[in-house]
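What follows is a set of notes on a single structure, which appears directly below.
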Amino acid sequence: MRMYDIIRKKRDGHPLTDEEIRFFIEGYTDGSIPDYQAAALCMAIYYQGMTEDEMAELTFAIRDSGERLDFSAIKGIRADKHSTGGVGDKTSLVVVPLVATFGVKVAKISGRGLGHTGGTIDKLEAIPGFRTDLSEEEFTECVNRVGAAIVGQTREVAPADKKLYALRDVTATVDSMPLIVSSIMGKKLAADDDVIVLDVKTGSGSFMKTIEDSRKLAEIMVNIGRKAGKKIMALITDMDRPLGEAVGNALEVREAIDTLRGEGPEDFTELCVILSENILYLSGFGTMEECDEKVREALRDGSALEKLREMIKAQGGDSGVIDDENRFKQPKYPHTVLAEQDGYLFHMDTEGIGIASLLLGAGRNTKEDSIDPSAGLRILKKTGDFVKAGEALAVLYADREELFPAAEEKYRSALTWADKKPEEQPLVLGKVI
Ligand code: URA
């Protein structure tokens with residue numbers, strides 16, 4: 001079998017066989033297939049798509065490219081959540097401690113930022129000392145003792161995805177349904193969880209821009225998960241405006257802490273509650289109403305915040321960040337973006353806002369780039385707000401002042417103005433069960 005023929009076959013729009021898909025994933029993982037051929041195949045998949053059977057086989061091949069985790073040493077129900085990626089999406093930082101408060105075990109493997117979207121691992125590494133590279137023994141011990149741990153993708157688990165993820169990030173092949181399905185589900189199925197709740201984003205800040213594509217993505221992922229014997233469901237949620245007000249790593253951790261204290265932005269808090277109650281429900285903690293009440297109580301009484309403190313300590317981080325935000329690395333400069341006109345903020349091109357944050361140093365342009373944990377932006381006006389000229393729209397943060405002009409221009413160009421208020425969009429646009 002030759003990689004050249006596989007690329008040509010997909011380029012010409014034909015479905016690949018199971019053997020061809022396995023040949024690609026095994027060869028790319030062991031290094032016998034080079035990056036340039038893998039990139040060419042990703043681009044062919046981007047343009048030609050895949051059948052549901054091909055997507056399932058690609059998912060299982062990615063799952064089988066490394067170790068399958070054995071969580072049998074973890075006692076209790078094991079659950080996970082996964083988002084397809086968005087801007088300001090720091091839900092894992094709230095949902096994981098929130099559900100762990102009730103004894104649900106969360107052994108979570110998360111990713112880094114991808115394209116214009118942030119990643120949980122980059123966010124957690126903004127906490128001084130926080131280790132995302134626990135050994136398997138340390139990981140299991142933390143989950144058993146504390147109830148939850150979050151680590152980065154190791155070379156052992158779904159290594160094909162680790163390589164493909166980084167390659168797609170720099171070859172404009174992230175926003176492809178088959179590649180997203182297999183990346184997310186390949187990783188999820190390599191882990192040994194009982195319950196999976198997927199947060200499928202839709203809108204200008206997500207990889208799937210339309211509700212139809214997002215629903216299809218959700219349905220395919222749920223079908224594959226069910227085939228693999230998981231209790232799984234998906235929520236389709238709005239990413240046509242940034243989630244919450246903070247975008248950027250340390251800024252987002254601070255917003256997650258505020259939310260666990262009951263002082264977070266309304267949209268972000270509500271989404272965390274909805275995701276958490278669905279995890280509790282699938283894990284057998286009562287009716288949806290009972291799960292909703294439990295989750296809200298854990299935010300009110302501070303127990304979820306205490307669980308985050310325990311998690312940070314257990315992974316070597318400075319849990320003092322919870323009470324003192326000055327323990328995070330501070331950005332050297334703030335820069336306020338002022339409105340140049342009166343009017344309603346009618347739409348926010350959320351991908352553009354993610355890119356503005358990336359331009360400030362919060363994300364990567366190449367696989368090798370390092371990121372600035374303190375960089376990012378705080379949004380002061382969102383879709384639907386009436387703004388007067390001269391009012392502050394956002395504050396940008398960076399270590400180098402010369403980064404502000406391009407980021408400000410990107411931010412401004414992401415905003416659409418009108419003299420009427422836009423229709424309100426619900427946060428949850430669908431559910432696939
Ligand atoms: N999250 C992933 O893990 N993979 C993708 O391809 C997109 C989002």
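Indexing begins at 1, ligand by ligand and atom by atom, following the structure's order. Every heavy atom of this structure was used, including side-chain atoms; hydrogens, water molecules and symmetry mates were not.
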Discussion item. Just verifying a value: how many Å separate Ile45 CD1 and Ser182 OG, rounded to the nearest 0.5 Å?
Written reply: 7.5 Å
Discussion item. Taking distance alone, with N or O pairs closer than 3.5 Å, would you say Ser83 contacts ligand 1?
Written reply: no
Worksheet entry | Those atoms of ligand 1 less than 4.0 Å from some heavy atom in His82 | 1 (N), 2 (C), 3 (O)
Worksheet item: Parallel, tilted or perpendicular: which describes the rings of Phe404 and His335, with under 30° parallel and over 60° perpendicular?
Response: parallel
Worksheet item: Where's the contact between Thr84 and ligand 1, heavy-atom distance under 4.0 Å: side chain, backbone, both or neither?
Response: backbone
Discussion item. As an exercise, state the distance from CD1 of Ile257 to CD1 of Ile312, rounded to the nearest 0.5 Å.
Written reply: 5.5 Å
Item to complete: Please find out if less than 6.0 Å separates the ring center of Phe207 from that of His116.
Response: yes
Response to the item:
atom 3 (O) of ligand 1: closest protein heavy atom, distance to 0.1 Å, is Lys187 NZ, 2.7 Å
Worksheet item: Which atoms from ligand 1 have a heavy atom of Tyr165 less than 4.0 Å away?
Response: 2 (C), 3 (O), 4 (N)
Discussion item. Return the closest protein heavy atom for atom 5 (C) of ligand 1 as residue, atom name and distance.
Written reply: Ser183 OG, 3.5 Å
Worksheet item: More than 12 heavy atoms of other residues, nucleotides or ligands under 6.0 Å from CD of Gln425: is that the case?
Response: yes
